[in-house]
Engineer: 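Here you go, one structure.
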Amino acid sequence: MRMSIRGVIASAFFAFVSLSVATAQEAEAEYSRAGADTCLGCHDDVKVTSIFLNKHGHPGDPNSPFGEGQLQCEACHGPGGEHAKLSRRGESKPSVPYWGHASTADTAEHNQVCLGCHQKHMGLQWAGSTHDVEDLNCSGCHNPHAQADPVLKTYTQSQVCYECHAAQKADENKPYAHPIAERRMACTSCHAPHGSSADHLLVRNTTNETCYTCHQEKRGPLLWEHAPVTEDCSYCHEPHGSIHPALLTKRPPLLCQQCHSQSGHPSLPYTSTGLADGNPSAYLLGGSCLNCHSQVHGSNHPSGATLSR
Ligand code: HEC
Ligand code: HEC
Ligand code: HEC
Ligand code: HEC
Ligand code: HEC
Ligand code: HEC
Ligand code: HEC
Ligand code: HEC
Ligand code: HEC
Ligand code: HEC
């Protein structure tokens, strides 16, 4: 669990403070006369009006900003009465309180607007999660105006994440990678961006549990296990991509010799005897330990103790 008690208390405190700040601001500010109709008089750009093609713009849903009795545009942007007034030449326009051209609200205050309706979707994980602690605005990932919010779609999601995660973008472009670019999976196949009880925002408690959701055959149980496999797949694999086949962190024999002694199984293709008689070491023929130890993930063969069958 990443979130400490301090985190819980701090986030509850922030929620309280920002709520009271918001009400104070709203008491002074006034809402526009005609709601969305006022706003749309000036903001008729398709980037804005596309909201009517998604769930937020759905008047039939009583909980949506455009449901009966809701505040429409101002449910998210805050009271915009002052902003909506025609300004005289040379006069600067006051901003709407949230996501405006000169909004002064901080991230916690902004997020509280969304959480006002979405706390139940976020569960207990968001408060204190990495993205919360890093002060991400909900709008850092979400675009509530888009007809289809890019971060919710498998084929566009990674582009949103890459805006901040350049290292993973570089990895995904390496010759061996999970098929994210091919749109067969997304970052959320392995990660829970709103928070999780595991390290690295993984969808399951450990790296291995996460991998088993798709690679079930690696779970076992096996008669002869290979210790590092049951412990952590990432000892040998780079989940985001690698220059080595099968997303390996290194190529064998170096991969194996990080942990296994070279005595008896030399790392040089020619041993002293090999050099003398001109024969390369059988242990490294083809450069690999896998020639003989082919069952590197474990074996179910009665005599598979050395993972060779
Ligand atoms: C009289 C025209 C007018 C009306 C009515 C109006 N706005 Fe604006 N709005 C503007 C202008 C002009 C700007 C750009 C201000 C600037 O950049 O100085 C703006 C900026 C914004 C921005 C920031 C956009 C950006 O590009 O940064 C938001 C959000 C916004 N308005 C929301 C609203 C909402 C919500 C309403 C209704 C309550 C509304 N506006 C009503 C003219 C209007
Ligand atoms: C569900 C919440 C929500 C509602 C409802 C909403 N907005 Fe927004 N709006 C946002 C957020 C969040 C952003 C900032 C998006 C971003 O930064 O990518 C935004 C951005 C904008 C912008 C700037 C667009 C740009 O990129 O140039 C304008 C203008 C705007 N909203 C006007 C409106 C108007 C007018 C309405 C009502 C018809 C409305 N909004 C309803 C959340 C909302
Ligand atoms: C007035 C209440 C309200 C506010 C404020 C609000 N939302 Fe929503 N939102 C809804 C409702 C209702 C739905 C539809 C839920 C459903 O159908 O399950 C929704 C749906 C969503 C979805 C899922 C969209 C989809 O296509 O499945 C996302 C993402 C979302 N909201 C993000 C935000 C963000 C980010 C903000 C703040 C900028 C915000 N919302 C503000 C009421 C609100
Ligand atoms: C780091 C990016 C990121 C941030 C920041 C983020 N979200 Fe999301 N959100 C996502 C992704 C990705 C999904 C789709 C999850 C999935 O498909 O498993 C999602 C899904 C949702 C949904 C719809 C699905 C559901 O769980 O019912 C809502 C509502 C939502 N987010 C609201 C919010 C709110 C409110 C905030 C700010 C407090 C926020 N999100 C911050 C990435 C983000
Ligand atoms: C196949 C599962 C999987 C997929 C898909 C995946 N990740 Fe990861 N990610 C992991 C694992 C496992 C870790 C734990 C650290 C490690 O072993 O590298 C991790 C760690 C991370 C970290 C933290 C890195 C660090 O050094 O602390 C970030 C950031 C990240 N992933 C972003 C992404 C993004 C963005 C995407 C989508 C482009 C993505 N991941 C797709 C499995 C995945
Ligand atoms: C607006 C910037 C931003 C966006 C967009 C964003 N992240 Fe992050 N993310 C961060 C920051 C900042 C951190 C903390 C520093 C780091 O680990 O890089 C982080 C950390 C992470 C971590 C590591 C968490 C940990 O506890 O080790 C993962 C995994 C991750 N993000 C996944 C995602 C995924 C998946 C998406 C897209 C759905 C996404 N992020 C979108 C800013 C962002
Ligand atoms: C959402 C499903 C999913 C999850 C979760 C997942 N994978 Fe994969 N993995 C795939 C798919 C799909 C492929 C591509 C297979 C193909 O191209 O036929 C793949 C390919 C691989 C390959 C390369 C196979 C080859 O033949 O080159 C390795 C290694 C791998 N995954 C390891 C992991 C590890 C380690 C994890 C956990 C961090 C993990 N996977 C989590 C779906 C997943
Ligand atoms: C000790 C290092 C090591 C560990 C730990 C490891 N692997 Fe592998 N893995 C390999 C090697 C080496 C290959 C390439 C095998 C080959 O070329 O025949 C491979 C290949 C794969 C492949 C593609 C070929 C196949 O067998 O399906 C997948 C998928 C895979 N590993 C998943 C996993 C998963 C999931 C885990 C964690 C449960 C894991 N690996 C842990 C070394 C390892
Ligand atoms: C992260 C460290 C690590 C890596 C990398 C690793 N191994 Fe292992 N391996 C172990 C451990 C620990 C054992 C269990 C040793 C024991 O039980 O005495 C083991 C056991 C074995 C055994 C069975 C030997 C025995 O005495 O039971 C073989 C064979 C083996 N590994 C081959 C390989 C090969 C081939 C590779 C490279 C593809 C590899 N290992 C990579 C840690 C590793
Ligand atoms: C030509 C086939 C072959 C190759 C190639 C090979 N091994 Fe072995 N290895 C064996 C055999 C056979 C045994 C069993 C020896 C015994 O029982 O005395 C063994 C035993 C082992 C053991 C068990 C511990 C021990 O010494 O008894 C480990 C660990 C191991 N090999 C690792 C590796 C690594 C790492 C590589 C690559 C550098 C490798 N092997 C390459 C055939 C091979």
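Position 1 is the first residue of the sequence, and the numbers go up from there.
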Engineer: In terms of the angle between their ring planes, are Y98 and H110 parallel, tilted or perpendicular, with boundaries placed at 30° and 60°?
Structural biologist: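 Y98 vs H110 ring planes: perpendicular.
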Engineer: Rounded to the nearest 0.5 Å, how far does CD of Q168 lie from CD1 of I180?
Structural biologist: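 The CD atom of Q168 is 9.5 Å from CD1 of I180, to the nearest 0.5 Å.
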Engineer: One pair to check against side-chain hydrogen bond (donor to acceptor under 3.5 Å, both in side chains): Q70 and S64. What are the steps and the verdict?
Structural biologist: CA-CA 7 Å; Q70 298 279 4; S64 104; over 6 Å; no
Engineer: Strictly by ring-ring contact (aromatic ring centres under 6.0 Å, His included), give each pair with a member in residues 43-96 just once, sequence neighbours left out.
Structural biologist: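 Qualifying pairs, neighbours excluded: F52-F66, H83-H101.
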Engineer: I'd like to check H145 versus K47 (side-chain heavy atoms, cut-off strictly below 4.5 Å). Are they in contact?
Structural biologist: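 With C-beta onward as the side chain, the pair stays apart.
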Engineer: Closest heavy-atom contact between S103 and S95?
Structural biologist: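 So the minimum-distance heavy-atom pair works out to N-OG, 3.4 Å.
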Engineer: Does S139 use its side chain to pair, donor to acceptor, with the backbone of H142 at less than 3.5 Å?
Structural biologist: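 No: the side chain of S139 does not pair with the backbone of H142.
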Engineer: Does K218 reach the side chain of V229, with side-chain heavy atoms less than 4.5 Å apart?
Structural biologist: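 Contact flag for K218/V229 side chains = no.
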Engineer: Flag yes if I51 and L40 sit in one hydrophobic cluster, no otherwise; membership is Ile, Leu, Val, Met, Phe, Trp, Tyr, and two members link when side-chain heavy atoms are under 4.5 Å apart.
Structural biologist: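 Yes, one cluster joins them.
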Engineer: Carefully, step by step, assess E209 and R219 under the rule salt bridge (Lys or Arg N to Asp or Glu O under 4.0 Å).
Structural biologist: CA-CA 9 Å; E209 286 299 327; R219 181 194 288 272; 3.6 Å; yes
Engineer: Output yes when a side-chain donor or acceptor of S196 lies under 3.5 Å from a complementary backbone atom of A192, and no otherwise.
Structural biologist: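 No; judged by distance alone, with no hydrogens or angles, the pair does not exist.
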Engineer: Going through the checks in order, is the side chain to side chain contact (heavy atoms under 4.5 Å, CB included) test met by H237 and T249?
Structural biologist: CA-CA 5 Å; H237 295 289; T249 52; 5.7 Å; no
Engineer: Please step through side chain to side chain contact (heavy atoms under 4.5 Å, CB included) for the pair H244 and R251, ending with a clear verdict.
Structural biologist: CA-CA 7 Å; H244 307 303; R251 281 184 200 248; 3.2 Å; yes
Engineer: Quick check against the 3.5 Å criterion: does E109 have a side-chain atom that pairs as donor or acceptor with the backbone of D106?
Structural biologist: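 Yes, because the side chain of E109 sits within donor-acceptor range (under 3.5 Å) of the backbone of D106.
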Engineer: Are side-chain heavy atoms of H293 and T306 found at a separation under 4.5 Å?
Structural biologist: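 Yes, close enough: below the 4.5 Å cut-off.
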Engineer: For H297 versus L222, what's the shortest heavy-atom pair and its separation?
Structural biologist: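 Between these two residues, the closest heavy atoms are O-CD1, 3.3 Å.
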Engineer: I'd like to know if the side chain of D232 and the backbone of N208 have a donor-acceptor N/O pair within less than 3.5 Å.
Structural biologist: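 Pair absent, no side-chain N/O of D232 close to backbone of N208.
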Engineer: Please name the pair of heavy atoms, one in R204 and one in A198, separated by the smallest distance, quoted to 0.1 Å.
Structural biologist: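 Heavy atoms of R204 and A198 come nearest at O-CB, 3.2 Å.
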Engineer: Measuring from atom NZ of K93 to atom OG of S87, what distance do you get when rounded to the nearest 0.5 angstrom?
Structural biologist: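 Answer rounded to 0.5 Å: 4.0 Å.
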Engineer: At what distance, to the nearest 0.5 angstrom, does CD of Q295 lie from CG of L223?
Structural biologist: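 With rounding to 0.5 Å, CD (Q295) is 12.0 Å from CG (L223).
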Engineer: Any heavy-atom pair between the side chains of P97 and P79 that's under 4.5 Å?
Structural biologist: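 A side-chain contact under 4.5 Å exists here.
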Engineer: Assess the residue pair T107 and N111 against the criterion (side chain to side chain contact (heavy atoms under 4.5 Å, CB included)); give the C-alpha distance rounded to whole Å, side-chain angles, the decisive distance to 0.1 Å, and a yes or no.
Structural biologist: CA-CA 6 Å; T107 307; N111 288 357; 3.8 Å; yes
Engineer: Could you tell me whether the side chain of S299 and the main chain of L307 form a donor-acceptor pair under 3.5 Å?
Structural biologist: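 Pair absent, no side-chain N/O of S299 close to backbone of L307.
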Engineer: Between atom NE2 of H165 and atom CG of D171, what is the distance when rounded to the nearest 0.5 Å?
Structural biologist: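 Reported value, rounded in 0.5 Å steps: 12.5 Å.
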Engineer: Mind checking whether L201 and H131 have side chains closer than 4.5 Å, heavy atoms only?
Structural biologist: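 Sidechains of H131 and L201: in contact.
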Engineer: Any sub-3.5 Å donor-acceptor pair from T38's side-chain atoms to A34's backbone N or O?
Structural biologist: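 Yes, the answer is positive, given that a donor and an acceptor are paired below the 3.5 Å cut-off.
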Engineer: Closer than 3.5 angstrom, by distance alone: can the side chain of Q157 be matched with the main-chain N or O of T188 as a donor-acceptor pair?
Structural biologist: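 Flag set: sc Q157 to bb T188 pair under 3.5 Å.
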Engineer: Does atom NZ of K153 have more than 12 heavy-atom neighbours from other groups under 6.0 Å away?
Structural biologist: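 Not buried by this count: 12 neighbours or fewer within 6.0 Å.
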Engineer: Checking S129 against V133 for the side chain to side chain contact (heavy atoms under 4.5 Å, CB included) test, could you report, in this order, the C-alpha distance in whole Å, the side-chain angles of both residues, the deciding distance, and whether it holds?
Structural biologist: CA-CA 6 Å; S129 71; V133 169; over 6 Å; no
Engineer: Which value, rounded to the nearest 0.5 Å, describes the distance between N63 atom CG and E68 atom CD?
Structural biologist: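 Interatomic distance, N63 CG to E68 CD, rounded to 0.5 Å: 12.5 Å.
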Engineer: Could you pull out the closest heavy-atom pair between G57 and P59, with the gap in Å?
Structural biologist: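 Nearest heavy atoms, G57 then P59: O-CD, 3.0 Å.
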Engineer: Apply the test salt bridge (Lys or Arg N to Asp or Glu O under 4.0 Å) to residues E172 and K169: give CA-CA distance (whole Å), side-chain angles for both, the deciding distance (0.1 Å), then the verdict.
Structural biologist: CA-CA 5 Å; E172 180 59 30; K169 182 179 186 180; over 6 Å; no
Engineer: Count the heavy atoms of every other residue, nucleotide or ligand shown that sit under 6.0 Å from NZ of K250, and state whether that count exceeds 12.
Structural biologist: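 Counting other residues, nucleotides and ligands, NZ of K250 stays at 12 neighbours or fewer.
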Engineer: Quick check: closest heavy atoms across D149 and N143, and the distance to 0.1 Å?
Structural biologist: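 Answer, listing the atom of D149 first, then N143: OD1-N, 3.2 Å.
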Engineer: Okay, side chain of S242, backbone of E238: is any donor-acceptor separation there less than 3.5 Å?
Structural biologist: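 No.
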Engineer: After noting the C-alpha distance and the side-chain angles of S303 and H301, does the key distance pass the side-chain hydrogen bond (donor to acceptor under 3.5 Å, both in side chains) rule?
Structural biologist: CA-CA 5 Å; S303 43; H301 193 281; 3.2 Å; yes
Engineer: Could you tell me whether the side chain of H215 reaches within less than 4.5 Å of the side chain of E217, counting heavy atoms only?
Structural biologist: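 Side-chain contact under 4.5 Å: yes.
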Engineer: Determine the minimum heavy-atom distance between H240 and H191, stating which atoms define it.
Structural biologist: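 The answer is NE2-NE2, 3.9 Å.
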Engineer: Less than 4.5 Å apart, side chain to side chain, heavy atoms only: is that true for N137 and W99?
Structural biologist: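 Yes. Closest side-chain heavy atoms under 4.5 Å.
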Engineer: To the nearest 0.5 Å, what is the distance between CD (Q112) and SG (C138)?
Structural biologist: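 With rounding to 0.5 Å, CD (Q112) is 9.5 Å from SG (C138).
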Engineer: Taking side chain as C-beta onward, heavy atoms only, is Q258 less than 4.5 Å from L255?
Structural biologist: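 Yes, their side chains come closer than 4.5 Å.
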Engineer: Has S32 got a side-chain atom pairing as donor or acceptor with A84's backbone, closer than 3.5 angstrom?
Structural biologist: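 No, S32 side chain to A84 backbone: no donor-acceptor pair under 3.5 Å.
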Engineer: Begin with the C-alpha distance, continue with both residues' side-chain angles, and end with the deciding distance and a verdict on salt bridge (Lys or Arg N to Asp or Glu O under 4.0 Å) for E30 and K85.
Structural biologist: CA-CA 11 Å; E30 56 175 285; K85 284 182 186 152; 3.6 Å; yes
Engineer: Is L290 reachable from L247 through a run of I, L, V, M, F, W or Y residues, each pair having side-chain heavy atoms under 4.5 Å apart?
Structural biologist: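 No, L247 does not connect to L290 through the hydrophobic network.
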Engineer: Does G298 offer a backbone N or O that forms a donor-acceptor pair with the side chain of H226 under 3.5 Å?
Structural biologist: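 No: the side chain of H226 does not pair with the backbone of G298.
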